[in-house]
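What follows is one structure encoded as structure tokens, with my remarks underneath.
For clarity, every value in this text was computed on a predicted model and none was experimentally measured. We count ligands from 1, going down the list as the structure has it; atoms in each ligand are counted the same way. This chain uses plain numbering: 1 for the first residue, then up along the sequence. Values below: every heavy atom of this structure, side chains too, minus hydrogens, waters and symmetry copies.
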Amino acid sequence: MTATSTPSRPDLSIVVAAYNEEDVLHIFFDRLRTVLGGLGVSYEIVCINDGSSDRTAEILNAAHAADPRIKVIHFARNFGKELALTAGLDFANGEAVVPLDADLQDPPELIADFLRLWREGFDVVYAVREARDTDSWMKRTTAGIFYSLLGKVSNVQIPRNAGDFRLMDRRVVEALRLFRERNRFMKGLFSWVGFRQTSVNYRRPERAAGRSKFNYWKLWNFALDGITGYSTVPLRIAGYSGLVFAFVAMLYGAYLMLRTMISGVDMPGYASLMVAVIFMGGVQLVVLGIIGEYLGRMYSEAKQRPLYIVESVLGIDPPDLRAVVIPARAGERV
Ligand code: UDP
Ligand code: MG
């Protein structure tokens, strides 16, 4: 697609989303370049500054000035990791693309294994965490519940304990670029597109420096995006629960009728009546909430807003997509 504008594709594109990563970027580039230097392939490092408010922007600009293979995309604000990753895949030119976290939790040394398997003919090589011992018990359990639930209610099987860390062939990246949905869950899309996939195991280390940008509220919303993005089963559950309650009500009605015929009319029942009314009210609100989750997402898709706004770029051509790219003002950003 971009073959005319970029006649010389590098073998490998590394895509790095960075949001307030000033503490770790220096160590990151040092280690990454040592690894890449030993691989014997041509490469580019596409960095997305996701609206950082610390010195991330300056560090990236300086890195580009020192090594033009480091390319920089500055977002106009913080759009979140999924969209930063999306932009990286849109912009990256390599024959193979590897997204990496800036905090070195995705050890770059693994890329050698990725490349070996890629050359053997696999289109996607993803990394699987052997043990999640660097995650808290809570994060491990909730992640476990989420993946088994998602596997049950949708037809995408997301490999367990795999993150965004993977190598993707150009063909896969071109396929992913076709997805312009707003509420995205990249791991789901990675599985959805298919192709020949394989995995390598690794042990996920702790963050090299700085702090995690995710909390449980963000992860919960992320999980909702995951479920609603790949399944309409929750909507169906709403319908079935309506049927179940109607059936129970019919049985209960029949029982009351029989009881009245056999032992006459009596009036007590205020408590049970209240419980039933409140319970049904609750069920109806939950069902409305589920519908609302989908409706809200339809609304945001229907607006057709751009996925992200690029404020300026360094050393890389904007891809031919719906992304709005605002050119840098002259004399700005060195
Ligand atoms: N990140 C981002 N935008 C955000 C939050 C995070 O680009 O709004 C990047 C962050 O800089 C890092 C990667 O996403 O490179 C993973 O984030 P983090 O390490 O905080 O997540 P965790 O590993 O704790 O899940
Ligand atoms: Mg991390």
Which residue and heavy atom of the protein sit nearest [atom], plus the separation:
{"atom": "atom 17 (O) of ligand 1", "value": "F214 CE1, 3.8 Å"}
{"atom": "atom 8 (O) of ligand 1", "value": "N78 ND2, 3.1 Å"}
{"atom": "atom 10 (C) of ligand 1", "value": "E21 OE2, 3.1 Å"}
{"atom": "atom 25 (O) of ligand 1", "value": "K139 NZ, 3.7 Å"}
{"atom": "atom 5 (C) of ligand 1", "value": "K213 CB, 3.6 Å"}
{"atom": "atom 18 (P) of ligand 1", "value": "R207 NH2, 3.5 Å"}
{"atom": "atom 3 (N) of ligand 1", "value": "D50 OD2, 2.6 Å"}
{"atom": "atom 22 (P) of ligand 1", "value": "S212 OG, 3.8 Å"}

Could [X] and [Y] be called an ion pair, given the rule that one side-chain N must be under 4.0 Å from one carboxylate O?
{"X": "R171", "Y": "D123", "value": "yes"}
{"X": "D169", "Y": "R196", "value": "no"}
{"X": "R297", "Y": "E293", "value": "yes"}
{"X": "R69", "Y": "E44", "value": "no"}
{"X": "R170", "Y": "E95", "value": "no"}
{"X": "E311", "Y": "R77", "value": "no"}

Query raised in the report: Counting each atom of ligand 1 from 1 as listed, which ones have a heavy atom of A18 under 4.0 Å away?
Result: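 Listed by number with element: 7 (O), 11 (O).
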
Query - K218-ligand 1 polar pair, N/O distance under 3.5 Å - result: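 No, since none of the N or O atoms of K218 sits under 3.5 Å from an N or O of ligand 1.
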
Requested in this report: Check whether any N or O atom of A17, backbone or side chain, sits under 3.5 Å from an N or O atom of ligand 1, and answer yes or no.
Outcome: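 Between A17 and ligand 1, an N or O pair is found under 3.5 Å apart.
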
Query raised in the report: Under a 4.0 Å heavy-atom limit, does K81 contact ligand 1 with its side chain, its backbone, both, or neither?
Result: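 It is both backbone and side chain that touch ligand 1.
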
Report task. Answer side chain, backbone, both or neither: which part of A102 comes under 4.0 Å from ligand 1, heavy atoms only. Result -> both

Requested in this report: Begin with the C-alpha distance, continue with both residues' side-chain angles, and end with the deciding distance and a verdict on side-chain contact (heavy atoms from CB on, under 4.5 Å) for I70 and L60.
Outcome: CA-CA 8 Å; I70 298 180; L60 291 178; 5.5 Å; no

Query raised in the report: Taking the inter-plane angle between the rings of Y308 and F91 on a 0 to 90° scale, is it parallel (under 30°), tilted (30 to 60°) or perpendicular (over 60°)?
Result: tilted

**Report entry** Minimum-distance N/O/S atom that D103 presents toward the Mg ion (ligand 2)
**Finding:** OD2

Query raised in the report: Is atom CZ of F195 surrounded by more than 12 heavy atoms (other residues, nucleotides or ligands) closer than 6.0 Å?
Result: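 Enclosed.
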
